[in-house]
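See structure below.
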Amino acid sequence: MWYFHGGIIKINTVEEKYILSIDQGTTSSRAIIFSPSGKIISKKQEEYTQFYPQKGWVEHDANEIFDTQLKVMRSVLKETGISPEQIAGIGITNQRETTVVWDKTTGEPIHKAIVWQDKRTAEFCKRLINEDYESLIRQKTGLPIDSYFSATKIWWILDNVPNALERAKNGELLFGTIDTWLIWKLTDGQVHATDPSNASRTLLFNINTSEWDNTLLDIFGIPGDMLPEVKDSNDHFGYIGKELLGANIPIEAVLGDQQAALFGQQCWQKGTAKNTYGTGCFLLMNTGSNPVLSENGLITTIAWRIDGQMTYALEGSVFIGGAAIQWLRDGLQVINDASETEALAKSVEDSNGVYVVPAFTGLGAPYWDMEAKGAILGLTRDTTKAHIVRATLEGIAFQSKDLLDAMEQDAQVNLRRLKVDGGATANAYLMQFQANILSAEVEVAAVSESTALGVALLASISLGLITDKELIARLSKGTKYTHKMPPEEVKKRCEGWKEAVRRVLS
Ligand code: ADP
């Protein structure tokens, strides 16, 4: 059952047409050209400046983001020799929550963009929590009150830039997350819009009604006139002007980065999930057409709204994923390179009773213990570095399993297959162990750029270049790991892990 595009789709498989994905990330701007069926043709990327004006503050220059983005779009076209007329459409995916406020008339931002990592509004958030707003806000938005999300960042700009609040009330200022800023710039100020996956990260969007919420706007003191129109994720978002790329190209898909990766990993049905193994691990599970409020401190978010139909997701993260491998390299100095860990892990029969709990920065869902510290447990005289390396890899997998267990419980589903991507999926030992303890299949993405692929596929389907069914038949399949560990062994290992976690809780 494919719940997007229920109607009949006009198929127009013109071979020489392509999709251009804009992948605007936290450290770089990227442009990737895809074939309609999701094959990467070419990509370009450029890093841009990170500003750290004070401890805990992180800013970007919104103009630099636009300039670097335009530059890589032009250069990927030039390099491939693909003409702008051959680009059937554009998909945009972006770092989420990062906040830009700009002057509607001049187009100039009134302050640097405040990045999702920025903690300057932590005190304001505490105040709102003390005023008992948490349960109301979680109910409406699916989110906890946290400086991570956009609302308090907008409040800060309006409160700190002279006359900003007054000007916002007069309708002179616009707000946008990075998708909205890029759309506005690319359409020469014609379109001020976002999609529900991005809107659902602002703390201002009611995920039940799929609208901006006046009660929330009042709580955060934000004039509603500043907000963008919320269109479907696969809506038409206007045209990129001829003067920018040499042809008028339509913007046909918009998704926040994690939701785009979920889409790119084809987690289109309820109960499917993806995990990205990078520095941390990022997990999302599609929970279908109803929002699930977590009992385990997970975030409820909108995955996408396609042809008016909402799909929701549960989201959570493991703070220390691949970073545990960096610690083996830079802290313990038992390896020179992350890639050595696979052979070392396989050089021993088992982890010899050793558990590594990499709670270097506390433990997140489902434990939520920020005071917890990391630990190596079960050491004996015959423990070798290979055992510790193996147990560290297993620690990454166990943490991901804890999160997935919580998601399965919240969503009342039974996960059969986990789609995975990110740097650490190169490690076959880690992937096999993950499959074993999940008692599920683990499938590594064939196309490494799941995020950019997600919006390329959504644009491609929206434009009728390919149907979702054809797409599934044509997309390349990744490496699969099937579980091989006997159930008693899985149980024993998971109990050992739980006991190890119990010892590190504060
Ligand atoms: P990010 O996007 O967060 O920078 P990447 O997806 O590039 O992360 O993945 C890099 C992370 O993966 C690093 O933390 C690194 O230690 C880990 N990593 C890379 N290769 C391996 C490997 N073969 N085995 C285990 N971990 C690895």
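Start at 1 and go down the list; that is how both ligands and their atoms are numbered.
- Within the listing of ligand 1, atoms 6 (O) sit less than 4.0 angstrom from a heavy atom of G422.
- Classification of E449 and R30 as a salt-bridged pair holds, one side-chain N sitting under 4.0 Å from a carboxylate O.
- Within a 4.0 Å radius of atom 2 (O) of ligand 1, the protein contributes no heavy atom.
- Which parts of ligand 1 touch T341 is read off a 4.0 Å heavy-atom cut-off, strictly below it: atoms 24 (N), 25 (C).
- Aromatic ring pairs are classed by plane angle as parallel below 30°, tilted from 30° to 60° and perpendicular above 60°; the pair W327 and F360 is tilted.
- Counting only heavy atoms of the protein, atom 11 (C) of ligand 1 lies nearest to G278 C, 3.9 Å.
- Taking the six-membered ring wherever Trp is involved, the centroid distance between the rings of H60 and Y48 falls below 6.0 Å.
- Of all protein heavy atoms, the one closest to atom 15 (C) of ligand 1 is G322 O, 4.0 Å.
- Both tests do not hold together for R96 against W116: distance to the six-membered ring centre under 6.0 Å, angle to the ring axis within 45°.
- Test R417, K419, R416 against E441 for salt bridge (Lys or Arg N to Asp or Glu O under 4.0 Å) and you get one pass: R417.
- Inclusion of G423 in the set of residues having an N or O under 3.5 Å from an N or O of ligand 1 is warranted.
- Ring to ring, F433 and F398 are close: their centroids are under 6.0 angstrom apart.
- The nearest protein atom to atom 25 (C) of ligand 1, hydrogens excluded, is given as N427 ND2, 3.7 Å; this is a heavy-atom distance.
- Taking all heavy atoms of S339, A323, C281 into account, the minimum distance to atom 23 (N) of ligand 1 is reached by S339.
- Heavy atoms from both the backbone and the side chain of T279 come within less than 4.0 Å of ligand 1.
- We find that E394 and R390 are joined by a salt bridge, their nearest charged nitrogen and carboxylate oxygen being less than 4.0 Å apart.
- A salt bridge does not link K153 with D118: every distance from a Lys NZ or Arg NE/NH1/NH2 to an Asp or Glu carboxylate oxygen is 4.0 Å or more.
- The nearest protein atom to atom 21 (C) of ligand 1, hydrogens excluded, is given as A338 CB, 3.6 Å; this is a heavy-atom distance.
- Protein heavy atom in closest approach to atom 13 (C) of ligand 1: Q326 NE2, 3.4 Å.
- Counting protein heavy atoms only, atom 12 (O) of ligand 1 is closest to A424 N, 3.5 Å.
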